[in-house]
**Student:** 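Below are the structure tokens for one structure; questions will follow.
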Number of protein chains: 2
Amino acid sequence: MKKSTAKADAKTSPRERIVSTACALFRSHGIRGIGVDAIAQAADTNKMTLYRHFGSKDDLVCETLKVASSKAAALWDDLSTRFPGNPRAQVDGWVSARVDCLASEPYGCDLANAAVELKESDHPAHALIESFKTAQRQRLEELCREAGLSEPELLADTLSMLLEGARVSRIATGDQGPAARFERACRAAISAHAARVEEAGVGH
Amino acid sequence: MKKSTAKADAKTSPRERIVSTACALFRSHGIRGIGVDAIAQAADTNKMTLYRHFGSKDDLVCETLKVASSKAAALWDDLSTRFPGNPRAQVDGWVSARVDCLASEPYGCDLANAAVELKESDHPAHALIESFKTAQRQRLEELCREAGLSEPELLADTLSMLLEGARVSRIATGDQGPAARFERACRAAISAHAARVEEAGVGH
DNA sequence: CATAGGTGTGACCGGTCGGTAACAAGCATC
DNA sequence: GATGCTTGTTACCGACCGGTCACACCTATG
């Protein structure tokens, strides 16, 4: 009678429900802004079950960040299957994919938001966040290098900063702020690094 | 005897002490991570005095954000006095100033951090943050235009995103992450917009 | 000396937080 | 039917939160 908030009906385990619910609530209320009891109730279960699966709230936070990380990994797989053996197309596809994310996800990056929100420097989430962000940047740099773009480290860092900046700009000033020109800024940066290759006689 | 934590001795008023202490503690612990009582004690006063000057914690938050805004305004004044009538030098000076800020302030932008942390969309701080960020971007765009750089809106947004991205990257991955190449990325973007002007036969 | 305004003190309020204990209920397997 | 595992329920704990109260204090001005 009081059971389903359209979540418990499915055969999803309590654990899965807790994680996905926590993801959503951390996003909308902030990690510090929502309590474990509210998460458990929203996931159609209770606090005791939550604590049987996750030793602490911090553990649950880390789990949700791992989920967010794995979703980002799926994006890379999608790129390499859609443009196999064409790294330059993958770079362009990365921009397009990020534009789409930006439009559909106004809340910024879960990992970056957690980094801002969790000030305790020894929080286990920080290690997760750092390794994730570093890996993303590394992968982007390799892609730029494979695509024959000049100064792949600089270009990867530029694109990384543009993306990160676009996401926090969306939070602060909405989609009519600097984020509105994210795509143009990325394309311009990429073409600049492509042009320099041609000038050096390497490319095309 | 127990009075000074090296703060109350000076003739600064309790109000000033509260604001400056709150700025520091919000930065190090997060707005949600520090209580009004702890702020009052760290400012060598008490909670009652705090509430006599600020009606609520939210009011105090807004006040600290206004202080942060005014510090940013001082940076613009400094630029225009150091390079009067030379907008292009001011653009370059903006980059240098931001590089310095980035190196000395590892905690990111107070305003942006507050925007991430405060999820209640009706929080009075959000209006402050939006108007501040919009004004910063606007001023940068005007400067780029005066400097004769092409597509000043795109360049201003690019620089804004690079700055914002560099600041959150510093939080997530330290000063060896993408933020390490913030200056090079900015200079490259600026010179690209300068080059296009020359190509069009306008400049120099 | 009297007054008044800003300040300090400590207790208090209701609420929420993360986390735990004890016990009942469901459910599959043997 | 008995076993054991996962779940649900309720109450509880100590701590902290934002915010208020009543009252004492200090100091400057009249």
Side-chain angles (χ1 to χ4, degrees), chain A residues 1-5 7-22 25-26 28-65 114 117-120 122-125, chain B residues 1-5 7-22 25-26 28-65 114 117-120 122-125:
Chain A
M1 191 183 292
K2 64 159 187 181
K3 58 164 70 169
S4 67
T5 53
K7 271 178 185 167
D9 326 66
K11 294 174 187 172
T12 61
S13 73
R15 189 179 202 280
E16 298 174 66
R17 272 178 283 144
I18 289 170
V19 172
S20 71
T21 307
L25 291 180
F26 285 155
S28 56
H29 294 79
I31 295 174
R32 283 177 151 141
I34 192 78
V36 288
D37 209 350
I39 294 172
Q41 279 192 325
D44 266 317
T45 176
N46 51 75
K47 192 163 53 163
M48 205 53 238
T49 302
L50 188 152
Y51 272 102
R52 279 191 274 249
H53 284 286
F54 308 95
S56 68
K57 186 184 183 180
D58 287 349
D59 281 5
L60 177 57
V61 169
C62 288
E63 186 61 33
T64 62
L65 295 184
E117 202 174 352
L118 303 174
K119 307 283 186 177
E120 313 94 352
D122 59 340
H123 194 291
Chain B
M1 190 182 293
K2 62 157 188 181
K3 56 165 70 168
S4 67
T5 52
K7 270 177 184 168
D9 326 66
K11 293 173 187 171
T12 60
S13 73
R15 190 180 201 279
E16 297 173 64
R17 272 177 284 145
I18 290 169
V19 172
S20 70
T21 306
L25 291 180
F26 286 155
S28 55
H29 295 79
I31 295 174
R32 283 175 152 144
I34 192 78
V36 288
D37 210 349
I39 294 172
Q41 280 192 322
D44 266 318
T45 178
N46 52 75
K47 192 162 54 163
M48 205 54 238
T49 301
L50 188 153
Y51 273 101
R52 279 191 274 248
H53 285 285
F54 308 96
S56 68
K57 186 184 184 181
D58 286 349
D59 282 5
L60 178 56
V61 169
C62 289
E63 186 61 32
T64 64
L65 294 184
E117 202 174 352
L118 303 174
K119 308 283 185 177
E120 313 95 354
D122 59 340
H123 194 292

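Only heavy atoms go into these numbers, but all of them, side chains included; no hydrogens, no water, no symmetry mates. Lettering of chains follows the sequences in order, A, B, ..., and the numbering in each one begins at 1.
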**Student:** I need the minimum non-hydrogen distance between B:Lys57 and B:Ile34, along with the two atoms involved.
**Tutor:**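 Shortest heavy-atom contact: NZ-O, 2.8 Å.
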**Student:** Please state how far atom CD1 in B:Ile39 lies from atom P in D:dG18, giving the value in whole angstrom units.
**Tutor:**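 Taking CD1 of B:Ile39 and P of D:dG18, I get 8 Å after rounding.
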**Student:** Under 4.0 Å, heavy atoms only, any strand: does B:Ile34 hit a base, just the sugar-phosphate, or nothing?
**Tutor:**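 B:Ile34: backbone/sugar contact only, no base atoms under 4.0 Å.
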**Student:** Nearest whole Å is fine: how far is D:dT7 P from A:Asp44 CG?
**Tutor:**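 So the CG-P distance, A:Asp44 to D:dT7, works out to 14 Å.
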**Student:** Write down the distance between CG (A:Leu50) and P (C:dT20), rounded to a whole number of angstrom.
**Tutor:**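 Nearest whole value for this atom pair: 12 Å.
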**Student:** What's the CG-P distance between B:Asp37 and C:dG8, to the nearest Å?
**Tutor:**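 The answer, rounded to whole Å, is 13 Å.
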**Student:** By nearest atom, which of the nucleotides C:dG18, D:dG18, C:dT7 is closest to the B:Pro14 side chain?
**Tutor:**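 Looking only at side-chain atoms, B:Pro14 lies closest to C:dT7.
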**Student:** Nearest whole Å is fine: how far is D:dT6 C1' from A:Ile18 CD1?
**Tutor:**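 Atom-to-atom, A:Ile18 to D:dT6, this comes out as 12 Å.
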**Student:** Are any non-hydrogen side-chain atoms of A:Val61 and A:Phe54 less than 4.5 angstrom apart?
**Tutor:**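 The answer is no; the side chains never approach within 4.5 Å.
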**Student:** Begin from the C-alpha positions of A:Ile39 and A:Leu60 and carry the test side-chain contact (heavy atoms from CB on, under 4.5 Å) through to its verdict.
**Tutor:** CA-CA 10 Å; A:Ile39 294 172; A:Leu60 177 57; 4.2 Å; yes
**Student:** Reading 5' to 3' and counting Watson-Crick or G-U wobble pairs with both distances under 3.5 Å, write the dot-bracket notation for DNA chain D, | for bases paired outside the strand.
**Tutor:** ||||||||||||||||||||||||||||||
**Student:** Counting only side-chain N and O atoms of A:Thr49, is one of them less than 4.0 Å from OP1 or OP2 of D:dT7?
**Tutor:**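 Looking at the OP1 and OP2 atoms of D:dT7, neither is under 4.0 Å from any side-chain N or O of A:Thr49.
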**Student:** Any side-chain heavy-atom pair from A:Cys62 and A:Asp59 closer than 4.5 angstrom?
**Tutor:**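 Contact flag for A:Cys62/A:Asp59 side chains = no.
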**Student:** Give a yes or no on whether the backbone of B:Val19 and the side-chain of B:Glu63 come within a donor-acceptor separation of less than 3.5 Å.
**Tutor:**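 Checking the backbone N and O of B:Val19 against the side chain of B:Glu63, no donor-acceptor pair under 3.5 Å is found.
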**Student:** Check whether any side-chain N or O of A:His53 sits under 4.0 Å from OP1 or OP2 of D:dT7, and answer yes or no.
**Tutor:**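 So the side chain of A:His53 is within the cut-off, an N or O lying under 4.0 Å from OP1 or OP2 of D:dT7.
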**Student:** Which atom names give the shortest non-hydrogen contact between A:Leu25 and A:Ala38, and what distance separates them?
**Tutor:**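 So the minimum-distance heavy-atom pair works out to CD1-O, 4.3 Å.
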**Student:** Can you list, by residue number, the residues of residues 54-62 of chain B that have a non-hydrogen atom closer than 4.0 angstrom to DNA chain C?
**Tutor:**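 Listed by number, there are none.
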**Student:** Taking only the side-chain nitrogens and oxygens of B:Thr45, find out if one of them lies under 4.0 Å from OP1 or OP2 of C:dG8.
**Tutor:**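 Checking C:dG8 against B:Thr45, a side-chain N or O does come within under 4.0 Å of OP1 or OP2.
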**Student:** What about A:Arg52, does its side chain sit under 3.5 Å from the base of D:dG8 through a donor-acceptor pair?
**Tutor:**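 Side chain to base: pair present.
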**Student:** Would you name the heavy atoms of A:Gly33 and A:Glu117 that are closest together and state the gap between them?
**Tutor:**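 Closest pair (atom of A:Gly33, atom of A:Glu117, distance): N-OE2, 4.3 Å.
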**Student:** To the nearest Å, give me how far apart OH (A:Tyr51) and P (D:dG8) are.
**Tutor:**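 Between P of D:dG8 and OH of A:Tyr51: 16 Å.
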**Student:** Quick check on DNA chain D: between A:Lys47 and B:Ile31, whose nearest nucleotide comes earlier from the 5' end?
**Tutor:**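 Its nearest nucleotide lies further toward 5', so the answer is A:Lys47.
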**Student:** Roughly how far, to the nearest 0.5 Å, is the CZ atom of A:Arg15 from the OG1 atom of A:Thr49?
**Tutor:**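 Between A:Thr49 OG1 and A:Arg15 CZ, I get 12.5 Å after rounding to 0.5 Å.
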**Student:** Between A:Arg17 and A:Thr45, is there a donor-acceptor pair closer than 3.5 Å when you use the side chain of the first and the backbone of the second?
**Tutor:**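 No, the answer is negative, given that no donor and acceptor are paired below the 3.5 Å cut-off.
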**Student:** Please state how far atom CZ in A:Arg15 lies from atom C1' in D:dC5, giving the value in whole angstrom units.
**Tutor:**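 Distance, rounded to whole Å: 17 Å.
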**Student:** Please find the pair of heavy atoms, one from B:Ala125 and one from B:Leu65, that lie closest to each other, and give the distance.
**Tutor:**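 Looks like CB-CD1, 3.7 Å.
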**Student:** In whole Å, I'd like the distance from the CG atom of A:Asn46 to the C1' atom of D:dT6.
**Tutor:**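 It is 11 Å, rounded to the nearest whole Å.
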